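None of the values given here were measured: they were computed from a predicted structure. What you see below is based on every heavy atom in this structure, not just the backbone, and it leaves out hydrogens, waters and symmetry mates. Residues take their numbers from the sequence shown, with the count starting at 1.
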Amino acid sequence: MRLVRNLAAACRAGALALAALGALLPVAHAVAQTDGPATGSPAMTALDGAIRQWNYTVEQVRRIADANGAITSVRERLQVSANGTSNPDFAITFLGVEGEPAGSPLHVRWQQTYARHGRRFFTQGSFRVANVDSADANYTVHDFGPTVRAGRSAHRLVVLPNAFDKSIWLIETDDATKLPLYSAEFDAHLRLLSEVEATQFTPGTTSLPLQSQPTTTVADFQTALATMGHPRKVIAPVTGVTGEYELDRIDVQNDPLNGQWQMTMTYTDGIDQFVIVQTPGTTDSFATLPGKSSRTPVIGRYRDPAMTVLVFWEGGVSFQVAGRGSLRRLDALARDVYRQALRAR
């Protein structure tokens, strides 16, 4: 419990102070493996129930660290309409980049990012309990008492993973709704990866604005194929190699800029996620590499503290396996997906 108390104390001094606790990582691992949950299932149940039942509007600042540790602060408005599931209806609107005038190159770049991928900031880039039973099995929650966030009474929680290759979360939940008003994500070395901080929070009835909805969640793989027009060489969800991660949902998207279809399979351990993205009808960017042939498969890898992305092509389909930077097991998963794609020839 000592590490968790140190986490909470550092939080009171500012989230960035957590990086100074790197020397205590072995203790963190021991705590995650041996400590019983301080609040147990009731805490997870409350977090899970909040997203299922509450409508709300929040204006918030999303702070994202790049590979060099530089922070970009983006303002956004999130409007959520609960539907009884862990995947509520929602709309996310880009409001600006802190310190940047409208129309600046950085402002325009983030505006375009939100237009194409903004929904993923909520579905994959924020703290959320996707499956309460899995979350309880893979994480422990420690309550460190009251605080105030966005002018509202809240409680500070530290969410520790049982596995050492996953993110540690500091969250502050609204007392009235149990919804997160603040979340900070740290890797296993206690480096800050991202923050989301509410500045204005309004629970209650929410009317979602009309937005283009290029992404659709479908019931199963066959429905996804039919929606995309039955493209060839797209593979079914992988099984047996994902450990404690289970398939959460399948989304299909038609890119509004280039008209390409894309299928995203999201796997979760209850909180953490990784995705397998397939885009048919694409050109192999590795085809011109020296020595590249059909018998010499190539997997490209990008990794920084916040993100791991593995990319390869097979049969005219591009594949991406993406998750947290610390989740090194994705390398082996990408090889398994590649082998499955080869068998689909």
Side-chain angles (χ1 to χ4, degrees), residues 1-5 7-8 11 25 27-54 80 82-88 122-147 154-188 190 193-194 196 237 239-249 265-275 323-324 326-327 329-330 333:
M1 288 294 294
R2 179 176 298 174
L3 170 77
V4 184
R5 294 192 183 97
L7 283 168
C11 295
L25 277 175
V27 183
H29 188 38
V31 168
Q33 294 290 349
T34 63
D35 254 20
T39 54
S41 293
M44 288 296 186
T45 300
L47 290 166
D48 175 65
I51 196 65
R52 294 173 182 271
Q53 71 183 57
W54 280 98
V80 176
N83 57 21
T85 76
S86 61
N87 296 300
F122 177 70
T123 59
Q124 298 161 8
S126 302
F127 179 87
R128 183 169 60 94
V129 175
N131 182 296
V132 66
D133 292 331
S134 296
D136 253 337
N138 295 308
Y139 295 83
T140 58
V141 183
H142 303 265
D143 189 329
F144 282 89
T147 186
H155 263 70
R156 181 178 290 120
L157 307 175
V158 173
V159 182
L160 288 176
N162 294 341
F164 203 45
D165 62 346
K166 301 178 185 179
S167 294
I168 298 169
W169 292 90
L170 163 69
I171 61 175
E172 295 176 359
T173 59
D174 180 54
D175 282 349
T177 65
K178 308 305 180 186
L179 291 164
L181 300 177
Y182 172 86
S183 65
E185 180 186 2
F186 299 87
D187 69 7
L190 298 179
L193 302 179
S194 65
V196 181
T239 59
V241 295
T242 56
E244 68 272 33
Y245 290 80
E246 299 178 350
L247 183 65
D248 180 47
R249 66 184 182 277
M265 302 173 184
T266 301
Y267 293 78
T268 182
D269 67 349
I271 292 175
D272 189 37
Q273 298 179 336
F274 68 82
V275 298
R324 300 292 194 267
S326 58
L327 202 61
R329 68 183 83 176
L330 292 181
L333 175 64

Notebook entry, point to check: Does any non-hydrogen side-chain atom of Phe127 lie less than 4.5 Å from one of Ser167?
Noted result: no

Check: Minimum heavy-atom separation for Met44 to Val159, with atom names?
Finding: CE-CG1, 4.4 Å

Item checked: Distance, nearest 0.5 Å, that separates CG of Asp165 from CG of Asp187 -> 11.5 Å

Check: So which heavy atom on Gly323 is nearest to which on Phe274, and how close?
Finding: CA-CB, 4.1 Å

Note to self: What I'd like to find out is whether the side chain of Asn87 reaches to under 4.5 Å of the side chain of Arg128, using heavy atoms alone.
What the structure shows: yes

Check: Given side chains that start at C-beta, do those of Asn131 and Ser86 come closer than 4.5 Å, heavy atoms only?
Finding: no

Note to self: Determine whether Asn138 and Ile271 satisfy the following criterion, side chain to side chain contact (heavy atoms under 4.5 Å, CB included), listing intermediate values before the conclusion.
What the structure shows: CA-CA 9 Å; Asn138 295 308; Ile271 292 175; over 6 Å; no

Notebook entry, point to check: When you measure from the side chain of Asp248 to the backbone N and O of Thr268, does any donor-acceptor pair fall under 3.5 Å?
Noted result: no

Check: What distance separates Thr173 OG1 from Leu179 CG, expressed to the nearest 0.5 Å?
Finding: 9.0 Å

Checklist line | Non-hydrogen side-chain atoms of Trp54 and Pro88 separated by less than 4.5 Å | finding: no

Notebook entry, point to check: With a 4.5 Å heavy-atom cut-off, do Ile168 and Pro161 have their side chains touching?
Noted result: yes

Check: Does Ser134 reach the main-chain N or O of Gly270 with its side chain, forming a donor-acceptor pair under 3.5 Å?
Finding: no

Checklist line | Leu333 side chain near Val241 side chain, heavy-atom distance below 4.5 Å | finding: yes

Checklist line | Heavy-atom closest pair, residues Gln124 and Arg324 | finding: O-NH1, 3.7 Å

Item checked: Candidates Asp136, Leu160, Leu157 - the one meeting side-chain contact (heavy atoms from CB on, under 4.5 Å) with Val141 -> Leu157

Margin query: Do Leu327 and Tyr245 have side chains that approach each other closer than 4.5 Å (heavy atoms only, starting at C-beta)?
Written below: yes

Check: Under 3.5 Å, is there a donor-acceptor pair between the Asp269 and Tyr139 side chains?
Finding: yes

Check: Between the side chain of Asn162 and the main-chain N/O of Ala137, is any donor-acceptor distance below 3.5 Å?
Finding: yes

Check: Any side-chain heavy atom of Thr123 within less than 4.5 Å of one from Arg249?
Finding: yes

Check: Counting only N and O atoms by type, is there a donor-acceptor contact under 3.5 Å from the side chain of Asp48 to the main-chain atoms of Arg52?
Finding: no

Next item on the list: Give a yes or no on whether the backbone of Leu170 and the side-chain of Arg156 come within a donor-acceptor separation of less than 3.5 Å.
Entry: no

